[in-house]
Amino acid sequence: MQFSVRTLAVVAALVLGSGAASAASAEKGRKAFVTNGCWQCHGFEGQGSAVTSNGTVLSGTELPLEAFEGFVRGSNRAMPPYREAILSSADLADMYAFLQSVPKPPAVESIQLLK
Ligand code: HEC
């Protein structure tokens, strides 16, 4: 009996542990990007908008995750900061995975119609 309880505990620890360590999810990140209102300034695909027209495209971001999170937590300019109490690091990691899954838009200079 004692053995099976211990076995159960080990199995539970493995299952829960692997859940916590699972990779960030782009799909969850897409939802978090919408529910947290990031789309209002950055566009639904992180493509940027009139609000963030100057180089703040987030899709295909080349920022490392730490810098991405650092900016979101500590912004003191045009973007409001999002502290941990209202936006978890897990949600941010998911958003990061989502943004990395969206291809970067082409450079404006490369679009013939805009010339
Ligand atoms: C009110 C409009 C607004 C909202 C809402 C907003 N942002 Fe921003 N964001 C900006 C602006 C404007 C900048 C450029 C700001 C600057 O350079 O100070 C920016 C910059 C950033 C950057 C830095 C990009 C870079 O390459 O330097 C990241 C990362 C970012 N936003 C993520 C997010 C995330 C994630 C959310 C949602 C949790 C969010 N933003 C919500 C307006 C917004």
Side-chain angles (χ1 to χ4, degrees):
M1 186 60 191
Q2 174 122 29
F3 173 74
S4 64
V5 168
R6 188 177 292 166
T7 309
L8 206 67
V10 169
V11 170
L14 284 175
V15 170
L16 294 176
S18 68
S22 72
S25 152
E27 194 165 324
K28 280 200 254 160
R30 175 186 287 277
K31 291 200 188 103
F33 199 72
V34 172
T35 53
N36 287 284
C38 313
W39 63 272
Q40 295 173 39
C41 299
H42 291 289
F44 279 104
E45 303 293 322
Q47 78 275 22
S49 73
V51 181
T52 59
S53 55
N54 293 326
T56 44
V57 171
L58 299 181
S59 50
T61 179
E62 280 162 20
L63 288 176
L65 177 59
E66 295 71 32
F68 179 85
E69 176 155 3
F71 187 92
V72 173
R73 300 259 182 251
S75 170
N76 61 1
R77 292 181 292 181
M79 181 177 140
Y82 292 73
R83 310 274 185 230
E84 184 119 33
I86 56 160
L87 178 58
S88 73
S89 292
D91 279 353
L92 259 184
D94 287 341
M95 286 189 211
Y96 183 77
F98 158 59
L99 291 167
Q100 285 204 312
S101 75
V102 182
K104 242 186 190 336
V108 172
E109 312 81 71
S110 74
I111 302 173
Q112 200 59 40
L113 268 179
L114 298 180
K115 285 189 175 161

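From a predicted model like this one, the values you see are computed outputs, not experimental measurements. Each ligand, and each atom within it, is numbered from 1 in the order the structure gives. Below, each value reflects all heavy atoms present in this structure, side chains not excepted, and no hydrogens, waters or symmetry copies.
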Note to self: Between ligand 1 and S75, can you find any atom pair, the residue atom being a heavy atom, that is separated by under 4.0 Å?
What the structure shows: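 No; S75 lies far enough from ligand 1 that no heavy-atom distance drops under 4.0 Å.
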Next item on the list: Check step by step if salt bridge (charged side-chain N to carboxylate O under 4.0 Å, His left out) holds for E45 and R30.
Entry: CA-CA 8 Å; E45 303 293 322; R30 175 186 287 277; 3.0 Å; yes
Note to self: Using heavy-atom distances only, which candidate in C38, G46, P81 approaches atom 38 (C) of ligand 1 most closely?
What the structure shows: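 Comparing heavy atoms across C38, G46, P81, the nearest one to atom 38 (C) of ligand 1 lies in C38.
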Next item on the list: Select the closest option to atom 21 (C) of ligand 1 among F33, F71, W39, judged by heavy-atom distance.
Entry: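 Looking at heavy atoms only, the winner is F71.
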So if I count the atoms of ligand 1 from 1 in the order they appear, which ones are less than 4.0 Å from some heavy atom of [X]?
X: G37; answer: 5 (C)
X: F68; answer: 29 (C), 35 (C)
X: C41; answer: 1 (C), 2 (C), 3 (C), 4 (C), 5 (C), 42 (C), 43 (C)
X: L63; answer: 25 (C), 26 (O)
X: L87; answer: 38 (C)
X: V72; answer: 32 (C), 35 (C)

Check: Looking at side-chain heavy atoms only, is the closest gap between I111 and P106 below 4.5 Å?
Finding: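 Yes, close enough: below the 4.5 Å cut-off.
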Notebook entry, point to check: Does D94 reach the main-chain N or O of S25 with its side chain, forming a donor-acceptor pair under 3.5 Å?
Noted result: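 Yes, the answer is positive, given that a donor and an acceptor are paired below the 3.5 Å cut-off.
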Check: So, does S75 use its side chain to make a donor-acceptor pair with the main chain of V72 at under 3.5 Å?
Finding: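 Between the backbone of V72 and the side chain of S75 there is no qualifying donor-acceptor contact (under 3.5 Å).
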Margin query: Heavy-atom distances under 4.0 Å decide this one: backbone, side chain, both or neither, for T61 against ligand 1?
Written below: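 Neither; no heavy atom under 4.0 Å.
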Check: Is V102 reachable from V57 through a run of hydrophobic residues whose side-chain heavy atoms are each under 4.5 Å from the next?
Finding: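 No; V102 is not reachable from V57 via cluster members.
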Checklist line | Sequence-distant partners of F71, ring-ring contact (aromatic ring centres under 6.0 Å, His included), two or more places apart | finding: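 Partners of F71 under the ring-ring contact (aromatic ring centres under 6.0 Å, His included) test: none.
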Can you list, pair by pair, the side-chain donor-acceptor contacts under 3.5 Å of residues 82-90, counting residues two or more places apart and other chains?
unit_1	atom_1	unit_2	atom_2	d
R83	NH1	R73	O	2.4
E84	OE2	S89	OG	3.2
S88	OG	D91	N	3.0
S89	OG	E69	OE2	2.7
S89	OG	R73	NH2	3.3

Margin query: If I apply the N/O under 3.5 Å rule, does R77 come out as touching ligand 1?
Written below: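 Yes, there is a polar N/O contact under 3.5 Å.
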Margin query: Classify the ring geometry of F44 against W39: parallel below 30°, tilted from 30° to 60°, perpendicular beyond 60°.
Written below: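 Correct class here is parallel.
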Next item on the list: To the nearest 10 degrees, calculate the angle at atom 8 (Fe) of ligand 1 involving SD of M79 and NE2 of H42.
Entry: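 The two atoms form an angle at the metal of about 170°.
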